[in-house]
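Atoms considered below: every heavy atom in the structure, side chains included; atoms not considered: hydrogens, waters and symmetry mates. Treat the numbers as computed from the prediction; the structure is a model and nothing was measured.
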Amino acid sequence: MFTDKEIAYLNSQPLARLATVDEDLQSDASPVGFRFDGEVFTIVGHNLTATRKYINIDKGYTKVALVVDDLESVNPWRPRGIRIFGIADILKTETGASESRSYIRVRPTISWSWNVESSSFVDGQFKPRRTVHKEI
């Protein structure tokens, strides 16, 4: 489970980066807009069905990585963020008589956060908080 501070942080950020792979195992990372409900991420976007990330997931390459991060301060240097490994799938909803809208849903399996709960920079190294998430 994500902590209250992690959920608040994720909901305060407008962008993430989603990494997928294709049939040749070529990785692709893309900036994405997202929504987070405390358990799953929903990736939205214009012309989403034509993107590499959508096509990769739709072809069955469903293991993904999602990174949400920022710089809380540059002096002192204080990066913070959350990296999520998860399983993605495609959701389609009907929006009208002959229209539908597609989304990518990411269900977290493991996450690592740094400098979200408190400073995790100890002895010159980051000590991230690791969480194994329940199956959804």
Side-chain angles (χ1 to χ4, degrees):
M1 299 279 298
F2 289 99
T3 67
D4 289 342
K5 286 184 179 180
E6 289 171 332
I7 292 170
Y9 174 74
L10 289 165
N11 284 320
S12 74
Q13 299 301 306
L15 293 175
R17 280 161 302 288
L18 179 67
T20 62
V21 297
D22 65 17
E23 62 271 2
D24 296 325
L25 300 181
Q26 174 60 57
S27 57
D28 181 63
S30 301
V32 294
F34 70 96
R35 286 185 237 130
F36 181 62
D37 69 5
E39 292 187 1
V40 298
F41 295 85
T42 303
I43 309 299
V44 296
H46 299 287
N47 203 20
L48 185 65
T49 59
T51 64
R52 289 182 63 130
K53 58 189 163 280
Y54 184 95
I55 293 166
N56 290 343
I57 294 165
D58 198 39
K59 285 184 176 180
Y61 301 96
T62 60
K63 286 186 176 183
V64 299
L66 186 72
V67 175
V68 179
D69 65 337
D70 70 346
L71 284 173
E72 184 178 32
S73 170
V74 294
N75 190 15
W77 184 255
R78 187 162 159 74
R80 62 183 174 170
I82 301 176
R83 178 178 65 160
I84 299 107
F85 285 177
I87 304 299
D89 60 350
I90 303 296
L91 298 176
K92 295 180 182 178
T93 58
E94 299 303 319
T95 58
S98 62
E99 295 181 17
S100 65
R101 178 136 189 195
S102 295
Y103 305 89
I104 296 171
R105 176 177 57 184
V106 177
R107 293 169 291 148
T109 55
I110 302 173
S111 66
W112 297 263
S113 67
W114 58 96
N115 290 338
V116 174
E117 292 289 321
S118 62
S119 180
S120 59
F121 194 67
V122 179
D123 297 327
Q125 295 184 8
F126 283 102
K127 304 290 184 190
R129 176 183 179 275
R130 182 179 186 268
T131 304
V132 176
H133 297 269
K134 65 180 182 177
E135 287 286 327
I136 296 175

Non-hydrogen side-chain atoms of [X] and [Y] separated by less than 4.5 Å:
{"X": "L66", "Y": "R83", "value": "no"}
{"X": "L48", "Y": "K53", "value": "yes"}
{"X": "V44", "Y": "T42", "value": "yes"}
{"X": "E6", "Y": "I82", "value": "yes"}
{"X": "I110", "Y": "R130", "value": "yes"}
{"X": "I104", "Y": "Y54", "value": "yes"}

Starting at [atom1] of [X], measure out to [atom2] of [Y] and round the result to the nearest 0.5 Å.
{"X": "R17", "Y": "D69", "atom1": "CZ", "atom2": "CG", "result": "4.5 Å"}
{"X": "L18", "Y": "F41", "atom1": "CG", "atom2": "CZ", "result": "10.5 Å"}
{"X": "Q26", "Y": "R52", "atom1": "CD", "atom2": "CZ", "result": "6.5 Å"}

Exercise for the section: Kindly work out whether a path of hydrophobic side-chain contacts (I/L/V/M/F/W/Y, heavy atoms less than 4.5 Å apart) joins V106 to Y61. Expected result: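 No, it is not one cluster - the side chains of V106 and Y61 are not joined through contacts under 4.5 Å.
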Practice task
State plainly whether one hydrophobic cluster holds both V67 and F34, where clusters connect Ile, Leu, Val, Met, Phe, Trp and Tyr through side-chain heavy atoms under 4.5 angstrom apart.
Solution key: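 No.
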Problem - Sole residue of D28, T62, N56 in side chain to side chain donor-acceptor pair (under 3.5 Å) with T20 - result: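 Exactly one pass, corresponding to N56.
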Problem - Salt bridge flag under 4.0 Å for residues E23 and K59 - result: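 A salt bridge is present here (some side-chain N lies under 4.0 Å from a carboxylate O).
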Practice task
Would you please classify the geometry between the H133 ring and the F2 ring as parallel, tilted or perpendicular, with 30° and 60° separating the classes?
Solution key: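 Answer is tilted, since the angle falls between 30° and 60°.
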Problem - Within 6.0 Å of CG in D4, more than 12 heavy atoms from elsewhere - result: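 Count not over threshold, so no.
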Exercise for the section: Search all heavy atoms of R129 against all heavy atoms of T131 and return the closest pair with its distance. Expected result: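 Looking at all heavy atoms of both residues, the closest pair is NH1-OG1, 2.6 Å.
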Problem - Closest contact, heavy atoms only, I55 versus A50 - result: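 Answer, listing the atom of I55 first, then A50: CD1-O, 3.9 Å.
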